[in-house]
Amino acid sequence: MIGVPAAQADTVPNGRALLAGTKPAWTAAATDQGATAATAQITARVYLAGRDAAGLSAYAASVSDPQSDAYGKYLTPQQAQDRFGATPAQIAAVTSWLKSSGLTVTGTDQHYISVSGDAAAVRTAFATSLHDYRKDGRTYRAPEHAASAPAALAGAVLTVTGLDNSPHHATPQDTLPGPGAGFRNAGPYSTYYGSNVAKTLPDAYGTKIPYAIHGYTGKQLRAAYGAERYTGKGVTVAITDAYASPTMAKDAAEYAKHNGDRAYSKGQYTEVLPAAFNSVDSCGASGWYGEESLDVEAVHALAPEANIVFVGAASCNDPDLLDALNKVVDKHLADIVSNSWGDIEANETPDSAAAYDQTFKLGAIEGIGFYFSSGDNGDEVDNTGKKQVDTPVNSAWVTAVGGTSLAVGKGDKYQFETGWGTQKAVLAADGKSWTNFPGAFSGGAGGGTSSTVPQPFYQHGIVPDSLAKANGPAPMRTVPDIAAVADPNTGFLVGQTQSWPNGTVSYDEYRIGGTSLAAPVIAGVQALAQQASRFPIGFANPSIYARYGSPVLHDVTDHPLGAGRDLAEARVDFVNSVDASGGLRTSVRSLGKDSSLQAVRGYDDVTGVGTPAPGYVASFRNRFHR
């Protein structure tokens with residue numbers, strides 16, 4: 001949003017243009033400690049709106065909509081820059097303003113101008129003081145009022161980020177420990193759903209239950225989601241995460257060899273990394289290695305001939321993650337981008353949301369689609385005390401991927417899925433019952449209704465008002481859009497070099513889940529669909545919603561075997577996460593119990609429109625008709 005809406009004209013000084021959303025909402029509930037010291041040093045980014053911000057949004061929508069005459073008429077990165085990017089004159093004018101305010105320009109590219117300076121210079125530039133606020137026992141800095149720019153630059157400046165320094169760290173969306181310390185699964189297992197029934201354990205929901213899956217492989221997932229003969233050949237998938245595992249290429253090759261996946265050809269896996277990493281301790285850098293391993297190996301398992309480019313961000317902070325995404329867009333490194341990270345919507349600021357959306361829209365006009373995991377904490381109430389969705393998966397310009405519990409049976413036959421939501425109860429000491437069955441919520445697919453993002457056009461008439469209007473009379477963006485396997489108990493087998501208690505470092509494999517599995521699985525399926533299409537799918541949501549209610553999507557519910565037929569699995573874990581020397585812990589994990597969210601007939605806030613069914617991939621060969 002650029003310029004000064006009439007209703008807000010009195011909120012900024014005369015001759016100034018409001019930079020909407022730059023006063024964060026969290027300050028209203030924090031304690032104002034007074035003005036930040038004038039000499040305090042600030043670093044910020046002034047994002048450029050380009051020459052036609054409204055036109056960018058309109059073209060991103062029309063080029064992605066199969067019903068539009070502009071559908072598929074993508075631009076090259078240079079054409080996108082020439083048509084919608086900032087002009088040299090705009091960059092020069094914004095640079096001059098920032099320098100004349102006493103700020104030092106530290107970098108310039110086609111997306112933003114980075115600056116540094118003291119709080120006094122920030123006040124001069126943006127016509128607002130910075131104040132210190134006490135929140136959650138810590139002190140953070142934020143603007144006292146919304147920032148503004150000179151009115152003459154209203155069309156050139158999108159927003160400014162960095163004035164608010166409250167935490168906005170993305171975290172990897174997985175549900176098992178990171179690779180800093182080794183992790184192994186204990187047995188017994190099922191090799192396919194129901195293959196090993198826990199006959200000596202207590203019943204759950206009136207019946208004997210199977211042991212958790214050892215970890216599905218690519219062969220099983222390709223069969224479940226209708227890969228058919230497609231392999232992703234000719235398609236490139238980018239994966240963005242923070243940092244970079246030093247053993248990724250070796251681990252990926254080892255995993256493929258162990259699990260029957262096609263060996264990587266020369267140059268099929270590549271990496272694009274920053275010159276240096278930062279915030280290694282605060283971001284828990286090594287914890288991202290497991291996320292990277294999962295993402296790379298899952299995409300290759302589903303689309304074994306697709307090229308994979310890993311684009312590592314310098315840290316888990318928004319500016320660095322945005323830089324990684326912009327690399328993909330600016331150089332068109334891939335048509336499909338898998339992202340298994342995020343934060344809660346309460347931590348999102350409108351300034352950073354605007355910067356992300358601009359990147360996503362630029363990607364859309366180039367034929368690039370972004371896929372984000374929806375989160376692993378259900379409605380987030382247990383995690384934050386407030387029902388909310390995650391970000392940036394709440395963006396109207398990305399495909400939000402929810403999660404399921406998947407049953408693949410003997411002969412790789414798809415049996416059913418439920419929404420992913422787990423309640424956990426441990427085995428009683430006498431081994432004859434489950435303590436407090438069905439137990440407490442322990443994780444589930446993120447979903448729900450955004451408090452900040454209006455309902456996008458492709459959700460009109462499909463998302464029921466009971467969800468779209470959950471936060472008030474205006475329909476809002478509802479998450480997710482589509483789903484795939486995420487339940488760690490019906491999860492994916494992943495291989496990774498890890499550190500062990502005896503001081504050794506070696507490769508091993510373990511089962512993992514979370515919507516950080518679902519996102520690369522869907523990215524892999526979309527690579528197959530793009531191969532079938534022989535043309536980039538781009539921003540996929542209009543095409544996905546066009547298939548709503550058709551046989552090419554599984555309509556997932558929490559009770560696939562009938563009303564009242566609840567499901568569960570038994571799981572055995574090492575207490576010390578490594579071996580049996582510390583004992584074993586046995587638990588029952590219920591399926592389809594996702595906090596307050598429910599997978600029901602039709603669109604729902606656990607699985608969206610459903611999961612890919614046989615025929616989904618092939619349906620992209622021609623323009624889709626029901």
Side-chain angles (χ1 to χ4, degrees), residues 1 5 7-8 11 18-30 57 133 135-136 140 142-143 146 159 161 164 166-171 173 318 339 341-358 360-361 370 372-402 444-460 462-481 515 541 594-598 603-608:
M1 296 183 291
Q8 297 177 316
T11 64
L18 179 74
L19 299 180
T22 48
K23 176 175 169 54
W26 64 262
T27 60
S57 297
Y133 295 89
K135 180 181 81 161
D136 299 330
Y140 303 107
T159 191
T161 66
D164 162 20
S166 63
H168 305 130
H169 292 314
T171 56
Q173 299 280 17
D318 281 332
N339 310 270
W341 45 267
D343 198 357
I344 57 173
E345 190 173 67
N347 287 344
E348 180 187 54
T349 54
D351 52 355
S352 64
Y356 274 111
D357 276 356
Q358 188 178 49
F360 299 145
K361 286 184 278 189
F370 296 87
F372 276 85
S373 53
S374 68
D376 294 349
N377 296 304
D379 62 13
E380 291 286 358
V381 169
D382 275 15
N383 185 41
T384 69
K386 176 186 176 182
K387 185 180 289 190
Q388 59 185 308
V389 296
D390 284 14
T391 180
V393 72
N394 61 342
S395 171
W397 296 100
V398 307
T399 299
V401 184
T449 308
S450 172
S451 297
T452 62
V453 181
Q455 184 179 72
F457 70 93
Y458 50 81
Q459 290 194 321
H460 294 170
I462 293 179
V463 177
D465 282 351
S466 59
L467 295 177
K469 298 182 178 181
N471 297 326
M476 304 295 282
R477 166 76 160 127
T478 310
V479 174
D481 300 307
T515 54
N541 285 11
D594 191 7
S595 55
S596 66
L597 312 179
Q598 294 182 325
Y603 177 93
D604 60 67
D605 53 7
V606 181
T607 67

Would you name the heavy atoms of [X] and [Y] that are closest together and state the gap between them?
| X | Y | result |
| --- | --- | --- |
| A400 | V393 | CB-CG2, 3.3 Å |
| T515 | S373 | O-CB, 3.1 Å |
| V389 | T449 | CG1-N, 3.6 Å |
| A30 | Y133 | CB-CB, 3.9 Å |
| D594 | G444 | OD1-CA, 3.5 Å |
| Y140 | S166 | CD2-CA, 3.7 Å |

Let me confirm one number: the [atom1]-[atom2] distance from [X] to [Y], rounded to the nearest 0.5 Å.
| X | Y | atom1 | atom2 | answer |
| --- | --- | --- | --- | --- |
| N339 | T399 | CG | OG1 | 10.5 Å |
| I462 | L467 | CD1 | CG | 13.0 Å |
| S374 | D605 | OG | CG | 10.0 Å |

Checklist entry - Going through the checks in order, is the side-chain contact (heavy atoms from CB on, under 4.5 Å) test met by S450 and E345? => result CA-CA 8 Å; S450 172; E345 190 173 67; 2.6 Å; yes

Next on the checklist: Quick check: do E380 and D390 have side-chain heavy atoms less than 4.5 Å from each other?
Outcome noted: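 With C-beta onward as the side chain, the pair touches.
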
Under 3.5 Å, is there a donor-acceptor pair between the side chain of [X] and the main chain of [Y]?
| X | Y | result |
| --- | --- | --- |
| S595 | D379 | yes |
| N541 | V398 | yes |
| R477 | P456 | no |

Checklist entry - Got a sec, which residues hit side chain to side chain contact (heavy atoms under 4.5 Å, CB included) with Q455, two or more places apart in sequence or on another chain? => result Q459, H460, V463, A468, P475

Next on the checklist: Tell me every residue that passes side chain to side chain contact (heavy atoms under 4.5 Å, CB included) with D318, counting only those two or more places apart in sequence or in another chain.
Outcome noted: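 Testing D318 for side chain to side chain contact (heavy atoms under 4.5 Å, CB included), a comparison that skips the adjacent residues, returns H168, S352, Y356.
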
Next on the checklist: With side-chain contact (heavy atoms from CB on, under 4.5 Å) as the criterion, how do S451 and M476 come out once you've worked through the C-alpha distance, each side chain's angles and the decisive distance to 0.1 Å?
Outcome noted: CA-CA 7 Å; S451 297; M476 304 295 282; 5.8 Å; no

Item to check | Worked check of side chain to side chain donor-acceptor pair (under 3.5 Å) between D357 and S395 | outcome: CA-CA 7 Å; D357 276 356; S395 171; 2.6 Å; yes

Item to check | Worked verdict on N377 versus D382 for side-chain contact (heavy atoms from CB on, under 4.5 Å) | outcome: CA-CA 7 Å; N377 296 304; D382 275 15; over 6 Å; no

Checklist entry - After noting the C-alpha distance and the side-chain angles of T478 and Y603, does the key distance pass the side-chain contact (heavy atoms from CB on, under 4.5 Å) rule? => result CA-CA 10 Å; T478 310; Y603 177 93; 3.5 Å; yes

